[in-house]
S.K.: 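Take this structure, written in structure tokens, and hold onto it; I'll ask about it next.
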There are 2 protein chains.
Amino acid sequence: MARQNTVFKEAYNRYAAALRTDTALPSEPEIAAQLGVSRSTARAILTRLSEEGIIRWNKRQKTVLRQPTDRDLFPSEETDSLHDIIERSFMQRILADDAAPGMQINELELAREIGTGTTSVREFLIRFSRFGLIEKRPNSHWTLKGFTREFALELADVREMFELHSAAEFGRLPKDNQAWADLAAIRDDHLAMLGDINQRFRDFSVLDERFHLLIHRASKNRFIADFYDAIAIVFHYHYQWNKTAARERNERAIHEHLDYIAALESGDQAAIENACRVHLHSARQTLLQSLPQTVSDNA
Amino acid sequence: MARQNTVFKEAYNRYAAALRTDTALPSEPEIAAQLGVSRSTARAILTRLSEEGIIRWNKRQKTVLRQPTDRDLFPSEETDSLHDIIERSFMQRILADDAAPGMQINELELAREIGTGTTSVREFLIRFSRFGLIEKRPNSHWTLKGFTREFALELADVREMFELHSAAEFGRLPKDNQAWADLAAIRDDHLAMLGDINQRFRDFSVLDERFHLLIHRASKNRFIADFYDAIAIVFHYHYQWNKTAARERNERAIHEHLDYIAALESGDQAAIENACRVHLHSARQTLLQSLPQTVSDNA
DNA sequence: AAAATGTTTATTGTAGATAAAAAACAAAAT
DNA sequence: ATTTTGTTTTTTATCTACAATAAACATTTT
């Protein structure tokens, strides 16, 4: 097999799920644009829908004959991109208890375990290496550097520098910038979540990511944006993993966010810097506490 | 061909060049360690040296029979690693005049031009993408973002944040740390260069890299270290390219470095921050001036 | 004429194969 | 007992091939 047609299958599922009986479908280029794929793929989707008797297709005439059922869709295992499969599998592996820092990573073994070729694993590792969790010695193996205390501190330091910069830039945005409206919307979402915190505290991580992403976008700096990818990945997998005291932790973070938002809206640079520092300090503590504890960690 | 034996050839050249007639050579593991290769490769080198009649080799007895000549060595085209070849070729391409931002990058075309397989080019592009000069749309082509004004400004902003941080850390190093001795040595090298500036101004870029690398190492932060790789690459290829007013520019930078070094040695954090800012401000100007000027650039 | 469809071509993503290089294992020499 | 050499195994780096996808070109329809 040279390549799985996951793009086709995933887009097919998305499009089929949105079909309504008796409606007429738009032109091929329009469908392609809606789905974010090429027209070739859009045509492949139409072809299959037609073959399955879901639509009648004759040139410009495209009518939905029946609502597709779950059995018409591809199973979810077949729609995940190889990159996502490798990422999930790899992250699970390095977050597992027996993954000690210093461990060697074997490309061929990983590939066999995931059921894929070595090329894809290699490319994944190269891409992943910029997050600072693995390292390669040329002509030799990759080494797992791991979620260590050093990693967390280095990450937190850079995050602090970048976010202080971005927050200051945010404070300088002209008042008619879209970002201010987005910020107000996020503030309302915070308040709504706070009102029902016992039920909804688990959804905080999504809100957290949205909030910090909005701030970082103000910096318009590709290096800051890229670094935020690393943070997002770490937090995404880490939050799934460490759930102790999540309610208290998240409630406190919401309050800090609200203070931070108020400072941004005030436009007072000193207040912004202060609120940003307060929040990042406690975010740092949260990250450190979530690390696998070793005997020597008594800070 | 699966793989070129450039590691072997390059190490062979290095080892052969250092041989002296009638000396006895050390053990295989020691040779391997000296050259930074595996024992397998070290043995391959000994085998060839023996076949060429350059040494007599019998188990532990290894005697140099004759001095190798230039004709014994592999030509330099055969000793460059594929990665370096691709990097050079690619950088030349994107620094060329006709490389406009927004241009598409074609993997197959690049591979053919360099005379290599597509996999190597792909892997290079993935690695290179972290420098922010190219970007990929999934399932589609890479796009050259290019050495634009935005790139230079974003790079300079992050550099400033990182170096201010590193310089402050440097100032806090205990006085018995090796870094202080290294700094003193670099200061002397600056003074020596200044004494013969008309002859030696072209060597400044090497000194510049050494100086900033020393400072960044004080931060002990992998993200800062990685970012400095990006800066080093950009400056390496950029300095080769823009040579206008190099003497004046470099002389001024040397003076700024000396002030900066003095501030570090004083241990006064305010003085350090100030000297660092002054130098980075002029480094930013230098970088901006070296950009290909377009009509709209009138800042 | 502009937009849609039909058809062909170019390019990317991934698997599999293989030589180079590293690493592991075994035997011999100090 | 430790180091060195001899031999075998494992792993990486790279090429080639090919299906999926995108993109380009040609024809038809409005």
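Throughout, protein chains are lettered first and strands after them, A, B, ... in sequence-line order, and every chain is numbered starting at 1.
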S.K.: Under 3.5 Å between N/O atoms: give me all the protein pairs with nucleotides 28-30 of chain D, atom names plus distance.
M.R.:
none

S.K.: Between the side chains of Arg66(A) and Asp72(A), is the shortest nitrogen-to-carboxylate-oxygen separation below 4.0 Å, so that they form an ion pair?
M.R.: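 Yes.
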
S.K.: Quick one: does any side-chain atom of Gln67(B) pair with a main-chain N or O of Leu19(B) as donor and acceptor, under 3.5 Å?
M.R.: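 Side chain of Gln67(B) to backbone of Leu19(B): a pair is present.
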
S.K.: Can you check the Phe124(A) CZ to dT14(C) P distance for me, whole Å?
M.R.: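 That distance rounds to 13 Å.
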
S.K.: Is Arg88(A) salt-bridged to Asp80(A), cutoff N-O under 4.0 Å?
M.R.: yes

S.K.: Determine to 10° how strongly the helix from dA1(C)-dT30(D) to dT30(C)-dA1(D) is bent, judged from the axes of its five-pair ends.
M.R.: 30°

S.K.: Can you list, in residue-number order, the parts of residues 84-91 of chain B that come under 4.0 Å of DNA chain D, counting heavy atoms only?
M.R.: none

S.K.: Output all residues satisfying salt bridge (charged side-chain N to carboxylate O under 4.0 Å, His left out) with Asp229(A), sequence neighbours left out; order by chain, then residue number.
M.R.: Arg130(A)

S.K.: Do side-chain atoms of Asn221(B) reach the backbone of Glu154(A) as a donor and acceptor pair under 3.5 angstrom?
M.R.: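 Yes; at least one donor-acceptor contact below 3.5 Å.
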
S.K.: Under 6.0 Å from the NZ atom of Lys136(A), do we count more than 12 heavy atoms belonging to anything else shown?
M.R.: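 Yes, because the 6.0 Å sphere around NZ of Lys136(A) holds more than 12 heavy atoms from other groups.
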
S.K.: Quick one: pull up CD in Glu87(A) and CG in Leu82(A) and give me the separation to the nearest 0.5 Å.
M.R.: 12.0 Å

S.K.: Check whether Arg14(B) reaches the backbone of Leu35(B) with its side chain - one donor and one acceptor, N or O, closer than 3.5 Å.
M.R.: yes

S.K.: According to side chain to side chain donor-acceptor pair (under 3.5 Å), who are the partners of Thr143(A), at least two apart in sequence or on a separate chain?
M.R.: Arg137(A)

S.K.: Taking salt bridge (charged side-chain N to carboxylate O under 4.0 Å, His left out) as the definition, give me every residue that meets it alongside Asp208(A), ordered by chain and number, with sequence neighbours left out.
M.R.: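 Partners of Asp208(A) under the salt bridge (charged side-chain N to carboxylate O under 4.0 Å, His left out) test: none.
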
S.K.: Using side-chain contact (heavy atoms from CB on, under 4.5 Å) as the criterion, list what pairs up with Glu113(A), not counting sequence neighbours.
M.R.: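 Expected list: Arg93(A).
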
S.K.: List, one per line, each side-chain donor-acceptor pair under 3.5 Å for residues 55-63 of chain A, sequence neighbours excluded.
M.R.:
unit_1   : atom_1 : unit_2   : atom_2 : d
Trp57(A) : NE1    : Lys59(A) : O      : 3.1
Lys62(A) : NZ     : Pro26(A) : O      : 2.8

S.K.: Lys62(A) NZ to dA3(C) P: how many Å, rounded?
M.R.: 16 Å

S.K.: Taking only residues two or more places apart in sequence, or in another chain, which ones meet Phe90(A) in a ring-ring contact (aromatic ring centres under 6.0 Å, His included)?
M.R.: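 Counting only residues at least two positions away or on another chain, Phe90(A) forms a ring-ring contact (aromatic ring centres under 6.0 Å, His included) with Phe124(A), Phe128(A).
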
S.K.: When you measure from every atom of DNA chain D, which of residues 36-49 of chain B have a heavy atom less than 4.0 Å away?
M.R.: Arg39(B), Arg43(B)

S.K.: Give a yes or no answer on whether the side chain of Ser89(A) reaches the backbone of Ile86(A) with a donor-acceptor pair at less than 3.5 Å.
M.R.: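 Not a single qualifying donor-acceptor pair exists.
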
S.K.: Could you run down nucleotides 10-18 of chain D 5' to 3' and tag each one B, S or - for protein heavy-atom contact under 4.0 Å?
M.R.: -SBBBBB-B

S.K.: Say you draw a straight line from CZ of Arg222(A) to CD of Glu135(B); how long is it, rounded to the nearest 0.5 Å?
M.R.: 8.0 Å

S.K.: First locate atom CG of Asp226(A), then atom CD1 of Ile231(A), and finally report the distance between them rounded to the nearest 0.5 Å.
M.R.: 12.0 Å

S.K.: Using a 3.5 Å distance criterion without hydrogens, assess whether the side chain of Glu28(A) forms a donor-acceptor pair with backbone atoms of Arg43(A).
M.R.: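 Pair absent, no side-chain N/O of Glu28(A) close to backbone of Arg43(A).
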
S.K.: Check DNA chain D against residues 7-35 of chain A and give the residues with a non-hydrogen atom under 4.0 Å, in numerical order.
M.R.: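 Going residue by residue through residues 7-35 of chain A, the ones with a heavy atom under 4.0 Å of DNA chain D turn out to be Val7(A), Phe8(A).
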
